[in-house]
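Note sheet for the following structure.
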Amino acid sequence: MRIAEISTPEHFQAAAAPDSQSPSQNQHNQLLSQIQSKIKQTESHPPGTPLPDSLPSELRQLLTNLTQLAPFPAANNSLKLHLWKLSYRLWNACVDFSNAAAIRSPSSNLSSQNVTKLRHVAADMLSLAVDVVGVPSPAIKSASFYYKTGLAWHDHKIFDLASKCFERATDLLSKLDVSKILDAGERKLLLDLNLARSRTAWEISDKNLALTLLNRSKTLLFGSSAHFIALANQFLAFAKAVLSRNENNGSFNDVLKLLNEALNLCEKGLSISRTREETVEIKELKSKTMRFISAVHLQNGEFESVIKCVKVLRENGGEKGDHHASLPVLAMKAWLGLGRYSEAEKELKGMVVNKGIPEGVWVSAVETYFHAVGNAGVETTKGVFLGLLGRCHVSARAALRVVHRVVGDGNGIEGLRTRGKVVAELASDERVVALFASEAVAKERTAMHAVLWNCGSGNFRLKDYETSAEMFEKSMLYIPHDLENRVIRAKGYRVLCLCYLGLTQLDRAQEYINEAEQLDPNIICAFLKFKICLQKNDHCVATNQIQKMISCLDFTPDFLSLAAHEAVASRALPVAVAALLNFLNFYNSGKPMPTTEVVVLRTLVTILSQDLDKEAEVLKFLKQAHKRAFELGAESFFGKGEVGRRERNCLMGDGQMEENNVTICKSLIMTVSAMIASENQNTTPLPDAEVKLAVELLERAGKILTSLSVGNIEGDIHFIYVLNAYDMYGRLNNLESQHHTVKNFAGTKTCSPQYLLQIGLNASQGPRFNAEVATFALSECLSGFLSSPSPNYQDVALIVRRLIAIASIHKGNTDDDAVLSMYKQAYRIMVGLKEGEYPTEEGKWLAMTAWNRAAIPVRMGEINVAKKWMNAGLELARKVAGMETYQAYMEDYVAEFEKKFHTQIAGEIQPQQVQ
């Protein structure tokens, strides 16, 4: 949105008399003239074409030169007004560029960033003259420029620049008395700025600062229901962000805290809402928040809490109530978790009449219900699905999912039979078949055929041929009657032939194989006809069928071997001999054979030897074996080693328990505490044997602690256990167990920031020093303190100082950025605080130590490192009362430093402004 420009005629009157101006005024006017020229160039640039990259850089350099001449004399108000006008003109030009990009095709990301850079220049230009006279609320207007620029940087995901803009806006507004701000728009700006800054902090993973800013926002609600809604929505957004990570690492408690904050804000907002629209909006947000709370309880396995939330949402104080589509799903899953399947079934059946529930939701609900209840729920699942078919349009994909879920993995033959029966009824329903009729759902139809086919195969492997045949028959409903699918239909008829062979219904088997042969005549059809003849004991026809098998185009000798095995299994020995005789004819063809010739001859001799009238034929094949051995060589014919020797020989010749566990756990922990106390009293170190005994006792106590229900053990006892375990593992130099113990304790509900503070201090000093444990405990403690509405900044300062000390000692010079990040975090905490709220002495310590850390890099010629530390010290000094003298010294030193190393610094700093 464009902003009305400010008229400054007196500036030009002053500029008309250059002889009366001082040198500094001439310098001001010269720079302003150059800036105005660049702004005119920007205004005249066609909105539809990208901005040149040099324009923002040149304007930034001119503004930097002008900044060096600040502060401007109070008497020269016309110059400040002119600056305001130039800033507004530049801002409005940026608005025109953005509007043009939105109407036409979006410009490149780089061009869009150039517009944002110009907005940043406009905001910085306005802040130079923030003390102008004659402009109402100059600080608020300047802050609004920074706020909108920060939003633009945030959209570009350049969060460091967004954070800087929001911090500058916060600094400008922190000097105002909030209670005297009456304009609704200005009040809204205060809240929006805090929320935007919080979002940016969240994006850069500074969760502590993000939550601290949200808690500060509670003081900026001004009794407006719209403000309550905005803040509640932000708490809800953060909760959803944590949930989306899908991590169960103790984050559920954090999510619930955020959701409860949003819920409390909704309750307060309801009490002050004045219009019906506001009341409806807040109630909808409240219901949405409670639904998320229910979902978190469900993920955390707190099923009773889910039922309570759903009940409250539905009753809603006797009013119409919330009937959101997710409520029956949440309730059903909670009842399933509690093992109360009848209530879950009621919720599932209730979904049939609720037309507001999307298809994907009820399909997922059916899957969940069936997964939990198993075979006992197949009839309910079928009834629900068929009921949905009668109520609304169901997609083929949904039907496929339900059938796939019902088929499942089964539970033995009875489970597969039960499920198969229900699936057969579902798949053969005319309404279900009609869902898969069109070509638009060809993929789903193929998938349905595959599901039914696989179910039939599973039953076939379990020799449940009746169920298998039924499933294969239903799968045929999902094969189109066209030329392209002739082979697939033939395959279906062949497996149905096998099923009825298993059921010894030979006439049905014959019908199906005849159908298959008409569609796709091949060796498999010929072999299955051979198999039917064997089961009918029609040996003559079976023998003739062998010749038909050999005449098939896709015949291979393997089928003769298989035919011989089938004939032997059916005691049809003449048929087996016929198959083997035909088999022998292929050994002179030179083709690869599935088995050796000696095996075929041995099998023939074995079969013929069972009939006394076949002695002549036995002798004939024994002679043939000798002849082939002579022709091929004994080793080639019989085989090598033991196998060859054998072939040659063959032809040749509960509750109370929980209470007891609590008592045992306390006794174990107190025993170790007594051992440590005795050691301290006698000033005699514990022997290694007693240390190992203490570790064993603590491990037993740890196992009991994990098995106890929440709330059955006092927090102090758990805390003592952690301290004892840390001590004993330290004696064994088991640093990993120390860290694991403290991390597990931090994720429990009994843990508090005070406990973590004691653990962190204990780990950071004394003979059991563990830098990782100390850093983890103090960081978690800092998070806890900052998330409270009124943090104790004395404790916060203590933790920050200790973390800096640990990082310095533990990491040394190998990770200078880790130490610097702690100073930056302290600075972000201090931004927006009132004077003296953060301990002054601690603030001075931070500023001085950060500044002093630049000394060594300066001596070593590490210009960039020195610059970072000097900037950190200077920024901190500006936030601490009583450091004005130090600040002036620092600024002078930085200025001299930049002049001395101007060439080197210019090459490093300028690209950072262009990012």
Side-chain angles (χ1 to χ4, degrees), residues 460 463 465 468-469 472-473 476 486-597 599-611 613-614 617-618 620-621 624:
F460 190 89
K463 299 187 187 232
Y465 301 121
S468 178
F472 285 128
E473 284 174 350
M476 299 288 285
R486 286 170 61 93
V487 174
I488 298 176
R489 292 188 68 79
K491 184 179 179 182
Y493 286 132
R494 288 196 295 269
V495 295
L496 282 168
C497 171
L498 284 172
C499 291
Y500 285 106
L501 276 171
L503 293 169
T504 64
Q505 297 182 26
L506 303 180
D507 291 339
R508 292 288 301 275
Q510 187 73 50
E511 290 174 11
Y512 279 121
I513 200 59
N514 289 340
E515 291 286 344
E517 194 170 40
Q518 288 180 10
L519 292 170
D520 183 28
N522 58 21
I523 181 60
I524 299 175
C525 291
F527 176 77
L528 288 175
K529 281 190 170 185
F530 167 80
K531 190 174 174 67
I532 292 171
C533 292
L534 284 178
Q535 292 202 19
K536 286 182 176 182
N537 290 320
D538 194 344
H539 295 173
C540 182
V541 176
T543 302
N544 293 334
Q545 188 64 28
I546 291 174
Q547 296 304 318
K548 291 181 180 180
M549 288 168 56
I550 295 172
S551 65
C552 289
L553 295 175
D554 54 345
F555 166 80
T556 61
D558 302 72
F559 283 94
L560 288 174
S561 176
L562 191 57
H565 282 290
E566 289 289 339
V568 170
S570 301
R571 302 303 298 165
L573 299 183
V575 179
V577 170
L580 292 171
L581 286 174
N582 282 284
F583 203 0
L584 282 175
N585 296 332
F586 286 92
Y587 279 95
N588 292 323
S589 65
K591 294 179 180 179
M593 300 298 286
T595 188
T596 59
E597 187 176 1
V599 172
V600 178
L601 285 167
R602 173 171 52 78
T603 306
L604 264 173
V605 169
T606 303
I607 292 172
L608 292 170
S609 298
Q610 298 180 35
D611 189 345
D613 296 334
K614 302 292 184 182
E617 290 188 50
V618 170
K620 170 188 170 185
F621 287 114
Q624 183 176 344

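- Scanning all heavy atoms of the two residues, the minimum distance from Met549 to Ala563 falls at CE-CB, 4.3 Å.
- When all heavy atoms are compared, the tightest approach of Tyr493 to Ala516 is CB-CB, 3.7 Å.
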Self-check item: Verdict with supporting geometry, Arg508 and Leu503, side chain to side chain contact (heavy atoms under 4.5 Å, CB included)
Solution: CA-CA 10 Å; Arg508 292 288 301 275; Leu503 293 169; over 6 Å; no
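- Not a single salt bridge (charged side-chain N to carboxylate O under 4.0 Å, His left out) links Lys491 to another residue, sequence neighbours left out.
- Side chains of Leu519 and Val487 form no contact here, defined as non-hydrogen atoms less than 4.5 Å apart.
- In this structure, the separation between CG on Leu498 and CD1 on Ile524 is 9.5 Å, given to the nearest 0.5 Å.
- For Tyr587 against Val600, the heavy-atom pair with the smallest separation is OH-CG2, 3.3 Å.
- Using a 4.5 Å heavy-atom threshold, the side chains of Ser468 and Val495 count as separate.
- In terms of the salt bridge (charged side-chain N to carboxylate O under 4.0 Å, His left out) criterion, residue partners of Glu566 (sequence neighbours excluded) are, by chain and number, Lys531.
- Inter-residue side-chain proximity for Val568 and His565 is flagged as unmet; no heavy-atom pair is nearer than 4.5 Å.
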Quiz item: Gln510 and Lys529: side chain to side chain contact (heavy atoms under 4.5 Å, CB included), yes or no, with the steps?
Solution: CA-CA 7 Å; Gln510 187 73 50; Lys529 281 190 170 185; 4.1 Å; yes
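- With sequence neighbours left out, Asp520 forms a salt bridge (charged side-chain N to carboxylate O under 4.0 Å, His left out) with Arg494.
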Self-check item: Stepwise side chain to side chain contact (heavy atoms under 4.5 Å, CB included) check, Phe586 with Leu560
Solution: CA-CA 10 Å; Phe586 286 92; Leu560 288 174; 3.6 Å; yes
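- By the side chain to side chain donor-acceptor pair (under 3.5 Å) test, Glu515 is found to be paired with no residue, residues two or more places apart in sequence or in another chain being considered.
- For the atom pair CG of Leu604 and CD of Gln624, the computed distance is 8.5 Å after rounding to the nearest 0.5 Å.
- In this structure, CE on Met593 lies 8.0 Å from CG on Asp558, to the nearest 0.5 angstrom.
- In this structure, CG in Leu573 is found 8.5 Å from CG in Leu608, a value given to the nearest 0.5 Å.
- Within a 6.0 Å radius of NZ in Lys536, more than 12 heavy atoms belonging to other residues, nucleotides or ligands are found.
- The shortest distance between side-chain heavy atoms of Pro594 and Phe583 falls below 4.5 Å.
- Without hydrogens or angle criteria, Asn582 side chain to Ala578 main chain gives a donor-acceptor distance under 3.5 Å.
- Contact annotation: the side chain of Phe527 approaches that of Leu562 to within less than 4.5 Å [non-hydrogen atoms, C-beta and beyond].
- When the salt bridge (charged side-chain N to carboxylate O under 4.0 Å, His left out) test is applied to Glu617, the partners found at least two apart in sequence or on another chain are Lys614.
- Judged by distance alone, the side chains of Tyr512 and Glu473 do bring a donor and an acceptor atom under 3.5 Å apart.
- One finds the CZ atom of Phe530 at 12.0 Å from the CZ atom of Phe559 (value rounded to the nearest 0.5 Å).
- Checking each of Leu581, Leu580, Thr603 against Phe621 for a side-chain contact (heavy atoms from CB on, under 4.5 Å) leaves exactly one that passes, namely Leu581.
- Looking at heavy atoms from C-beta onward, Thr556 lies out of side-chain contact with Ile523 at the 4.5 angstrom threshold.
- The closest side-chain donor-acceptor pair between Glu517 and Asn522, if any, does not fall under 3.5 angstrom.
- Between the Ser570 side chain and the Ala567 main chain, no donor and acceptor come within less than 3.5 Å of each other.
- Considering CD1 of Ile513 and CD of Gln518, their distance stands at 11.0 Å, rounded to 0.5 Å.
- A search for side chain to side chain donor-acceptor pair (under 3.5 Å) contacts involving Tyr465 returns nothing, not counting sequence neighbours.
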Exercise. Please lay out, stage by stage, how Asp538 and Ile532 fare under the test side chain to side chain contact (heavy atoms under 4.5 Å, CB included).
Key: CA-CA 9 Å; Asp538 194 344; Ile532 292 171; over 6 Å; no
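- Nearest heavy atoms, Val575 versus Ile546: O-CD1, 3.9 Å.
- At a threshold of 4.5 Å between non-hydrogen side-chain atoms, the residues Tyr500 and Glu511 do not count as touching.
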